[in-house]
Amino acid sequence: MKSLIKILVLAVFLVAVSCKKDTAPNYQFMPNMYESVGYETYGEAAFRDGVEAQLPAEGSIARGFIPFDIENSTEGYMLAKETLKSPLDSLSVDLERGKALYDIYCGICHGNQGDGQGNLVKREKILGIPSYDDAGRAINEGSIYHTIYYGKNAMGSYANQLKEEERWQVVSYVLELKANLEK
C-alpha cells in the first residue's frame, strides 16, 4: 500500500512538473485540436496535379444559387423585358425591405427617389443616370431584373450581392418609385 502511495505521489509530481516549462512548449495532449490539417491554397497537395486549389466539378451549382437562363446580351435583355415576370405575389412583396436594399445598393447612384440624383451624381463622380420616369426609358420588371443580374453600361452586376428573392424585392421597389415619379 505504501508503495502505491509513493507511485501515486511521484506520478502527480511528474505531471505537475512536466506541464509547466518556461523554456520549452508544454506538452499537447491532443495535437490535432491545435494544429490544423488544412492545406495551403497553392501549396503541394494530395491531388494528382499537385495543386490544392481545384476547380469545382463540371456542371456543379453552388448551394443556394439558381442559374439564370437568359444570356447577357442585347437580345437577352429584350427577351427578359418581354417574358420575365416576378415570381413574388402581392403578399410576398415587401416594399420596406426593397427600399432598404435599394438604399444600400442603388440609391448612391440612382437617388433615393429614383430621379437619377444620387450622391455620386451630385458630386459629379458619375454622369448620365436618367430618372426612372424618362420617356425613353421604358423599363419593366424583366428589364430591371436583367440589369440587376448582369449590369448595364457603367453599372456593374449585383448578382453576387443580392439573392434572387432580394433582387425581386428591389425590382418591386423600383417599379413603385417609377409609379410615384409618373404621378
Rounded to the nearest 0.5 Å, what separation is found between the [atom1] atom of [X] and the [atom2] atom of [Y]?
X	Y	atom1	atom2	value
Leu177	Glu182	CG	CD	11.0 Å
Leu101	Glu96	CG	CD	12.0 Å
Leu175	Asn140	CG	CG	7.5 Å
Ile148	Ser143	CD1	OG	9.5 Å
Ile7	Leu10	CD1	CG	8.0 Å

### Query
Do side-chain atoms of Lys81 reach the backbone of His146 as a donor and acceptor pair under 3.5 angstrom?
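Not at all, since once roles are kept as given, no pair shorter than 3.5 Å links the two residues.
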
Can you list, pair by pair, the side-chain donor-acceptor contacts under 3.5 Å of residues 110-127, counting residues two or more places apart and other chains?
unit_1	atom_1	unit_2	atom_2	d
Asp115	OD1	Gln117	N	3.1

Atom pairs and distances, donor-acceptor, side-chain atoms in residues 162-170, under 3.5 Å, two or more places apart:
unit_1	atom_1	unit_2	atom_2	d
Glu165	OE1	Arg97	NH1	2.6
Glu165	OE1	Arg97	NH2	3.3
Glu165	OE2	Arg97	NH1	3.0
Glu165	OE2	Gln169	NE2	2.6
Glu166	OE1	Lys163	N	2.9
Glu166	OE2	Arg97	NH2	3.4
Arg167	NE	Leu162	O	3.0
Arg167	NH1	Tyr145	OH	2.7
Arg167	NH2	Ala159	O	3.4
Arg167	NH2	Leu162	O	3.0
Gln169	OE1	Asp94	N	2.8
Gln169	NE2	Ser92	O	3.0

In terms of hydrophobic clustering (I, L, V, M, F, W, Y; side-chain heavy atoms under 4.5 Å; direct or indirect links), are [X] and [Y] co-clustered?
X	Y	value
Tyr158	Ile129	no
Ile144	Leu181	yes
Val9	Leu4	no
Val171	Tyr77	no

#### Entry: Any side-chain heavy-atom pair of Asn72 and Tyr149 under 4.5 Å
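Answer no - side chains too far apart.
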
Listed partners of [X] passing side chain to side chain donor-acceptor pair (under 3.5 Å), at least two apart:
X	answer
Ser157	none
Ser131	Asp133
Glu75	Ser73
Tyr132	Tyr102

### Query
Looking at Val93 and Ser172, what are the two nearest heavy atoms and their distance?
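Val93 and Ser172 have their closest heavy atoms at CG1-CB, 3.7 Å.
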
#### Entry: Asp89, CG: over 12 other non-hydrogen atoms inside 6.0 angstrom
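It does: Asp89 CG has more than 12 such atoms within range.
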
